[in-house]
Asks: 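Dumping the structure here so I can ask a few things about it.
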Amino acid sequence: MINASVTETIQFYHLDPMNVVWHGNYVQFFENARCALLDKVDYNYPQMDASGYVWPIVDMRVKYVRPCSFGQNITIIATLREYENRLKIDYLVRDTKTGEKLTKGFTIQVAVEKSSGEMLYRSPDFFIEKIEALS
């Protein structure tokens with residue numbers, strides 16, 4: 001199981017009028033952790049582009065457990081769950097200090113050939129080999 005984590009400090013611009021993190025900002029937190037995970041695999045957006053594939057998100061879920069507030073330090077952990085036919089990444093947001101679970105979710109991405117726009121039903125072999133070399 002491959003994972004990566006990033007930390008964030010909740011800033012004023014993350015907050016909504018109720019002084020908790022606006023729900024849409026969690027998508028950005030997930031993105032930051034996903035990029036750290038893809039860096040670990042050496043297949044982040046520049047490598048995707050160079051390989052001739054794009055990987056759009058086709059499904060996403062966010063489960064809000066507890067709100068985050070100004071000044072709070074959070075850790076976002078991205079874990080690769082599936083990679084053979086699609087890329088499924090789970091996310092867990094925890095309070096950095098206490099370890100308390102705050103938010104969880106997942107994204108699903110599929111490989112699409114750039115030149116034809118055709119979705120693949122299996123991840124490209126070179127990508128599977130990259131993952132298996134790290135496992």
Side-chain angles (χ1 to χ4, degrees):
M1 188 175 340
I2 302 167
N3 63 40
S5 66
V6 296
T7 57
E8 300 266 348
T9 300
I10 302 303
Q11 303 296 322
F12 177 77
Y13 55 80
H14 291 130
L15 306 180
D16 66 14
M18 295 178 285
N19 287 321
V20 295
V21 171
W22 176 64
H23 67 277
N25 281 322
Y26 290 90
V27 176
Q28 188 176 44
F29 298 154
F30 287 4
E31 172 74 12
N32 293 341
R34 181 172 53 251
C35 284
L37 177 68
L38 293 173
D39 280 341
K40 207 172 197 179
V41 177
D42 191 31
Y43 195 65
N44 209 333
Y45 294 114
Q47 292 86 358
M48 286 179 189
D49 186 50
S51 74
Y53 295 95
V54 295
W55 294 75
I57 291 176
V58 296
D59 195 5
M60 180 168 74
R61 177 174 168 120
V62 183
K63 171 78 170 151
Y64 304 98
V65 179
R66 298 198 41 85
C68 297
S69 55
F70 179 77
Q72 185 174 20
N73 291 316
I74 60 172
T75 301
I76 307 97
I77 305 158
T79 303
L80 182 63
R81 291 285 175 213
E82 298 176 25
Y83 61 90
E84 292 94 350
N85 300 313
R86 62 186 187 169
L87 193 58
K88 183 176 183 188
I89 301 173
D90 288 343
Y91 305 91
L92 180 60
V93 180
R94 291 191 177 277
D95 180 281
T96 303
K97 186 176 178 181
T98 67
E100 180 181 21
K101 183 190 306 183
L102 303 169
T103 305
K104 62 183 182 174
F106 67 82
T107 55
I108 295 176
Q109 295 169 257
V110 294
V112 174
E113 196 171 68
K114 265 178 33 175
S115 61
S116 68
E118 226 175 285
M119 184 180 87
L120 292 122
Y121 293 98
R122 178 171 161 73
S123 296
D125 288 338
F126 71 87
F127 179 73
I128 292 172
E129 290 167 10
K130 277 181 170 283
I131 299 297
E132 291 177 351
L134 293 173
S135 299

Asks: According to a hydrophobic-cluster definition based on side-chain heavy atoms being under 4.5 Å apart (Ile, Leu, Val, Met, Phe, Trp, Tyr only), do M119 and W55 belong together?
Replies: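 No, M119 does not connect to W55 through the hydrophobic network.
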Asks: Measure the CG-CZ distance between N3 and R81 for me, rounded to the nearest 0.5 Å.
Replies: 8.5 Å
Asks: Can you name the residues that form a salt bridge (Lys or Arg N to Asp or Glu O under 4.0 Å) with R61, not counting sequence neighbours?
Replies: none
Asks: Strictly distance-based, threshold 3.5 Å: is any side-chain N or O of D90 a donor or acceptor partner for the main-chain N or O of T79?
Replies: no
Asks: In a table with atom names and distances, give each donor-acceptor pair under 3.5 Å that connects a side chain of residues 17-28 to protein atoms at least two apart or in another chain.
Replies:
unit_1, atom_1, unit_2, atom_2, d
N25, ND2, H14, O, 2.9

Asks: Measure from the side-chain N and O atoms of E132 to the backbone N and O of E129, and report whether any donor-acceptor pair falls under 3.5 Å.
Replies: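 No: the side chain of E132 does not pair with the backbone of E129.
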Asks: What are the two closest non-hydrogen atoms of L102 and C68, and how far apart are they?
Replies: CD1-SG, 3.6 Å
Asks: Could you state the interatomic distance from CG (L37) to CG (L80), rounded to the nearest 0.5 Å?
Replies: 6.0 Å
Asks: Does atom CD (E118) have a neighbourhood of more than 12 heavy atoms from anything else shown, all under 6.0 Å?
Replies: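 Incorrect, the count does not exceed 12.
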Asks: Calculate, to the nearest 0.5 Å, the distance between atoms CG and CZ belonging to N32 and F30 respectively.
Replies: 11.5 Å
Asks: Ignoring hydrogens, what is the shortest heavy-atom contact between T75 and S5? Give both atom names and the distance.
Replies: CG2-CB, 4.0 Å
Asks: Quick check: is I128 connected to V112 through a chain of hydrophobic side chains (ILVMFWY, heavy atoms under 4.5 Å apart)?
Replies: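 No, V112 does not connect to I128 through the hydrophobic network.
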Asks: Give the cluster check for L15 versus Y13: same hydrophobic cluster or not, with ILVMFWY residues linked at side-chain heavy-atom distances below 4.5 Å.
Replies: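 No; tracing contacts between hydrophobic side chains, which count when under 4.5 Å, never links both residues.
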Asks: Quick test of your reading of the model: are K88 and D59 salt-bridged, counting only N-O distances below 4.0 Å?
Replies: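 Not counted as a salt bridge, because no side-chain N and carboxylate O are separated by less than 4.0 Å.
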Asks: Would a hydrophobic clustering, with Ile, Leu, Val, Met, Phe, Trp and Tyr connected at side-chain separations under 4.5 Å, put M48 with I131?
Replies: yes
Asks: Y53 vs F126 aromatic rings, parallel, tilted or perpendicular, using cut-offs 30° and 60°?
Replies: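 Correct class here is tilted.
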Asks: Kindly work out whether a path of hydrophobic side-chain contacts (I/L/V/M/F/W/Y, heavy atoms less than 4.5 Å apart) joins I77 to V93.
Replies: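 Shared cluster, no.
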Asks: Carefully, step by step, assess F127 and L87 under the rule side-chain contact (heavy atoms from CB on, under 4.5 Å).
Replies: CA-CA 10 Å; F127 179 73; L87 193 58; 3.7 Å; yes
Asks: Looking only at heavy atoms, which two atoms of E113 and L120 are closest? And how far apart?
Replies: N-CD1, 4.2 Å
Asks: Return the set of residues passing side chain to side chain contact (heavy atoms under 4.5 Å, CB included) with T107 (not counting sequence neighbours), or none when no residue passes.
Replies: R34, I57, M60, I89, Y91, Q109
Asks: For K97, does its backbone N or O pair with a side-chain atom of D95 as donor and acceptor, under 3.5 Å?
Replies: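 Yes, the answer is positive, given that a donor and an acceptor are paired below the 3.5 Å cut-off.
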Asks: On a heavy-atom basis, which atom in R86 and which in S123 lie closest, and how many Å separate them?
Replies: N-OG, 3.8 Å
Asks: Give me the one residue out of L92, V62, I76, I74 that meets side-chain contact (heavy atoms from CB on, under 4.5 Å) with T103.
Replies: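 Result for side-chain contact (heavy atoms from CB on, under 4.5 Å) with T103: V62.
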Asks: Nearest 0.5 Å please: distance from the CG atom of L134 over to the OH atom of Y83.
Replies: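 If we round to the nearest 0.5 Å, L134:CG and Y83:OH are 10.0 Å apart.
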Asks: Could you tell me which non-hydrogen atom of K101 sits nearest to which non-hydrogen atom of V65, and how far apart they are?
Replies: O-CG1, 3.8 Å
Asks: First locate atom CZ of R122, then atom CD of E84, and finally report the distance between them rounded to the nearest 0.5 Å.
Replies: 7.5 Å
Asks: Find the distance between CD1 (I108) and CG (N85) and round it off to the nearest 0.5 Å.
Replies: 11.5 Å
Asks: Answer yes or no: is there a donor N or O on one side and an acceptor on the other, between the side chain of K130 and the main chain of D42, under 3.5 Å?
Replies: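 Present.
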Asks: For K114, does the NZ atom sit with more than 12 other heavy atoms under 6.0 Å from it, leaving out its own atoms?
Replies: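 Result for NZ/K114: enclosed.
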